[in-house]
Amino acid sequence: MSLILGIETSCDECSASVLIHEGAGYAPISISTYSQIELHQPYGGVVPEVASRNHLEQIDPVIWDALGRAKVEVADLDAIAVTNRPGLIGALLVGVTAAKALAYASKKPLVPVHHLEGHLMSAFLRSPKTGVPKIEFPAVFLLASGGHTNLHCIENAPELWEATVLRDSLAGCSMDDAAGEAFDKSAKILGFPYPGGKWIDEESSKGGNPAAFDLPRGLKQKDSLSFSFSGLKTAVALLAQRLLKEGVLQAALPDVCASVQEAIVDPLIRKTLTLQKMKSAKTIVVVGGVAANSRLRARFSAESPVPVVYPDLQYCTDNAAMIAAAGAVRYAQGHGLKASDFLKLNAFAIAEH
Ligand code: KG4
Ligand code: ZN
């Protein structure tokens with residue numbers, strides 16, 4: 001059994017979590033997250049410098065809160081895991097520096113974590129409501145967040161993942177905007193606050209017709225597993241302009257939102273199901289903030305021939321429990337760094353794998 005502290009500051013959530021790792025079980029025992037959403041809302045998106053400065057203020061309280069809620073002392077920990085790639089560089093540096101200081105002072109090993117490996121691991125976290133998720137391999141993972149849209153085919157349990165698992169399992173990704181970004185940009189054009197995904201979802205549920213407006217789907221070829229969402233913004237802007245001129249935009253909002261949602265969800269569903277079929281995958285796993293979308297869930301339930309697993313909502317958006325879990329896997333595999341190595345550890349805005 002090992003006790004891991006996870007730290008996540010790659011974007012606009014400052015989060016720490018204590019997790020128990022035992023065999024194939026990953027059980028968060030505390031999580032403390034400070035979301036900066038309100039700080040960035042006036043700008044309609046994340047402002048990197050505002051994010052870094054706020055992480056600097058929040059990182060200590062968040063870490064001590066997570067330890068306090070878990071009733072754990074730093075001395076009890078086996079290792080400290082921290083996101084060091086990819087993300088906003090100034091934001092990452094705050095988490096990495098705090099983690100180094102804590103690990104150095106307490107003589108604990110430090111485990112650098114790839115943020116996307118954390119998102120994949122969110123699916124294995126024990127849920128307070130539903131317990132341990134049942135994931136059979138091979139499994140197709142759809143990772144759809146504000147920053148990424150990736151399709152992975154994962155062959156085995158996390159304990160067996162190689163350091164290159166993300167690169168080795170990648171079957172497709174977005175060529176431009178991420179799915180969450182497409183939701184947020186479309187929502188901004190339609191006048192909703194940042195982040196707009198949940199507003200588009202809510203407005204659509206007011207009886208919106210997903211087929212009301214014909215919006216573009218990028219990379220429609222049957223065998224393509226890549227995504228493209230950048231054309232959607234212009235189409236949404238032109239549609240909104242036309243409906244505004246005709247004085248019907250407000251009344252048409254549920255239909256517009258349902259059509260935008262469909263234009264994003266449709267390729268996510270089709271390409272995930274194509275990969276599932278190609279690989280005869282036994283489970284589909286959906287992670288990242290867009291996993292909260294109700295239309296995506298409804299369509300998967302109706303169309304998937306295999307079980308579809310979603311992490312608890314609190315683990316879909318950025319959080320440190322998933323980072324602690326990814327760190328736990330690497331620590332168990334012997335990848336914890338000693339001070340002589342981790343003092344040189346850097347953060348990377350872009351990470352290949
Ligand atoms: O995983 P996450 O915290 O972001 C990154 O790691 O980048 O996910 C945030 C994204 C935002 O783009 C947000 O609009 C989207 O998830 N989102 C949704 C919903 N809830 C959050 N998108 C569609 N429908 C939702 N219900
Ligand atoms: Zn993320």
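Note that ligands are numbered from 1 as they come in the structure, with each ligand's atoms numbered from 1 the same way. Since the model is a prediction, treat every value here as computed from it, not as a measurement. All heavy atoms count here, side chains included; hydrogens, waters and symmetry mates do not.
The Gly197 neighbourhood of ligand 1 comprises atoms 14 (O), 18 (C), 19 (C), 22 (N), 23 (C), 24 (N), 25 (C), with distances under 4.0 Å to a heavy atom of that residue. Here is the list of ligand 1 atoms found below 4.0 Å of a heavy atom in Ala292: 20 (N), 26 (N). Interface atoms of ligand 1 facing Asp184, defined by a heavy-atom separation under 4.0 Å, are 11 (C), 12 (O), 13 (C), 14 (O). Close approach of ligand 1 to Lys198 (heavy-atom distance below 4.0 Å) involves ligand atoms 19 (C), 25 (C), 26 (N). Within ligand 1, the atoms closer than 4.0 Å to a non-hydrogen atom of Cys316 are 1 (O), numbered from 1 in the order shown. Of all atoms in ligand 1, listed by their number and element, those nearer than 4.0 Å to a heavy atom of Thr317 are 1 (O), 3 (O). Here is the list of ligand 1 atoms found below 4.0 Å of a heavy atom in Gly147: 7 (O). Close contacts of ligand 1 with Asp201, meaning ligand atoms under 4.0 Å from a residue heavy atom, involve 24 (N), 25 (C), 26 (N).
Checked for salt-bridge contact, Arg330 and Glu117 meet the test: a charged N lies under 4.0 Å from a carboxylate O. For Glu57 and Arg53, the salt-bridge test fails: no basic side-chain N is under 4.0 Å from an acidic carboxylate O. The residues Lys188 and Asp184 are annotated as not salt-bridged, no charged nitrogen and carboxylate oxygen being separated by less than 4.0 angstrom. Under a 4.0 Å N-O distance rule, the pair Glu202/Lys198 does not qualify as a salt bridge.
Residues Gln314 and Ser127 have side chains not in contact (no heavy-atom distance under 4.5 Å, counting atoms from C-beta outward). Within the 4.5 Å cutoff, no side-chain heavy atoms of Ser52 are placed close to those of Leu93.
For atom 4 (O) of ligand 1, the nearest non-hydrogen atom of the protein is Gly146 N, 3.2 Å. Considering only non-hydrogen protein atoms, atom 23 (C) of ligand 1 sits nearest to Asn293 ND2, 3.5 Å. Among all protein heavy atoms, the one lying closest to atom 8 (O) of ligand 1 is Gly289 CA, 3.2 Å.
Under the 4.0 angstrom criterion for non-hydrogen atoms, His115 is in contact with ligand 1. Every heavy atom of Arg295 sits 4.0 Å or more from the atoms of ligand 1.
Across all their heavy atoms, Ala51 and His40 have their closest contact at N-CE1, 3.6 Å.
The aromatic rings of Phe124 and Trp161 stand perpendicular to each other, their planes meeting at an angle above 60°, with 30° marking the opposite boundary. Below 30°, between 30° and 60°, or above 60°: for His115 and His119 the angle between ring planes is above 60°, a perpendicular geometry.
Of the possible polar contacts, one joining the Ser204 side chain to the Ile200 backbone as a donor-acceptor pair under 3.5 Å is found.
Heavy atoms of His119 found under 4.0 angstrom from ligand 1 belong exclusively to the side chain.
Among the atoms of His148, no N, O or S atom falls under 2.8 Å of the Zn ion (ligand 2).
Rounded to 10°, the angle formed at the Zn ion (ligand 2) by OD1 of Asp318 and NE2 of His119 is 90°.
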